Amino acid sequence: PKRTAMAESEQVSLQSDVSPALAASKFSSVSFSIWPPTEKTRDAVRKRLIETLSSPSLLSKRYGLLPHDEAADVSKRIEEEAFESAGGSSKTDDDGIEILHIYSKEISKRMLETVKSRSGGSAATEGAAAATEAVAKAEEEDAGSSAPPQSEKTESVAGDE
């Protein structure tokens with residue numbers, strides 16, 4: 001049986017007329033939440049922390065590198081503490097974005113505290129505050145800006161010293 005172009009266009013038209021109503025009824029009861037993160041996501045966060053703590057970077061230039069094994073232990077502790085802290089926060093929102101933001105800030109804060117304490121606290125307090133501000137600013141930019149990362153600016157300032 002051959003279909004005519006007219007019959008095909010009518011079938012497509014009928015499908016497109018039904019699809020939005022059907023889709024709306026199917027998805028009206030679906031909720032979206034990003035908190036709590038899956039175990040796979042938490043594992044990815046830990047792996048990224050290990051990489052950050054054990055690979056050369058601006059952070060390691062200032063505070064030193066951690067051996068991979070130590071970075072793995074520290075990363076697990078940092079992520080678990082940040083998860084517990086964020087999960088126990090009083091913030092409640094429908095999709096979990098605010099809690100995820102707290103989780104991210106807790107990880108950054110704990111990572112900086114760890115590398116500072118390991119380096120003997122030799123870094124100036126204002127340097128640590130600037131690093132914390134840079135991390136927070138980067139998170140805000142990642143959250144919704146299409147602006148390029150500020151790393152070029154930070155590196156050029158660091159190079160001028």
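Small disclaimer: the values here were computed from a predicted structure and weren't measured.
Judged purely by atom type and a 3.5 angstrom limit, Ser75 uses its side chain to pair as donor or acceptor with the backbone of Ile50.
Salt bridge Glu81/Lys109: absent, no basic N to carboxylate O contact under 4.0 Å. Classification of Arg48 and Glu51 as a salt-bridged pair holds, one side-chain N sitting under 4.0 Å from a carboxylate O. In this structure, Arg46 pairs ionically with Asp43, as a charged nitrogen and a carboxylate oxygen lie closer than 4.0 Å. The existence of a salt bridge linking Glu80 and Arg42 is excluded, since no basic side-chain nitrogen approaches an acidic carboxylate oxygen closer than 4.0 Å.
Contact of the Arg110 side chain with the Glu79 side chain is not registered, since no non-hydrogen atoms from C-beta on lie closer than 4.5 Å. Residues Ser85 and Tyr103 fail the side-chain proximity criterion, which asks for heavy atoms closer than 4.5 Å. Annotation: side chain of Tyr63 is in contact with side chain of Lys116 (closest heavy-atom distance under 4.5 Å).
With values rounded to the nearest 0.5 angstrom, Ser104 atom OG is found 7.0 Å from His101 atom NE2. Note that the CG atom of Leu59 and the CE atom of Met111 stand 5.5 Å from one another [nearest 0.5 Å]. Rounded to the nearest 0.5 angstrom, Thr52 OG1 and Ile107 CD1 are separated by 10.5 Å.
Each of Asp73, Thr114, Val45 was checked for a side chain to side chain contact (heavy atoms under 4.5 Å, CB included) with Ile78, and the lone residue meeting it is Thr114. For the side chain to side chain contact (heavy atoms under 4.5 Å, CB included) test with Ile34, the passing option among Thr41, Ile99, Ile97 is Ile97; the others fail.
Taking each heavy atom of Leu65 and Ser60 in turn, the nearest pair found is CD2-CB, 3.4 Å. Taking both residues in full, the closest heavy atoms of Trp35 and Gly96 are given as CB-CA, 3.8 Å, listed atom of the first, atom of the second, then distance.
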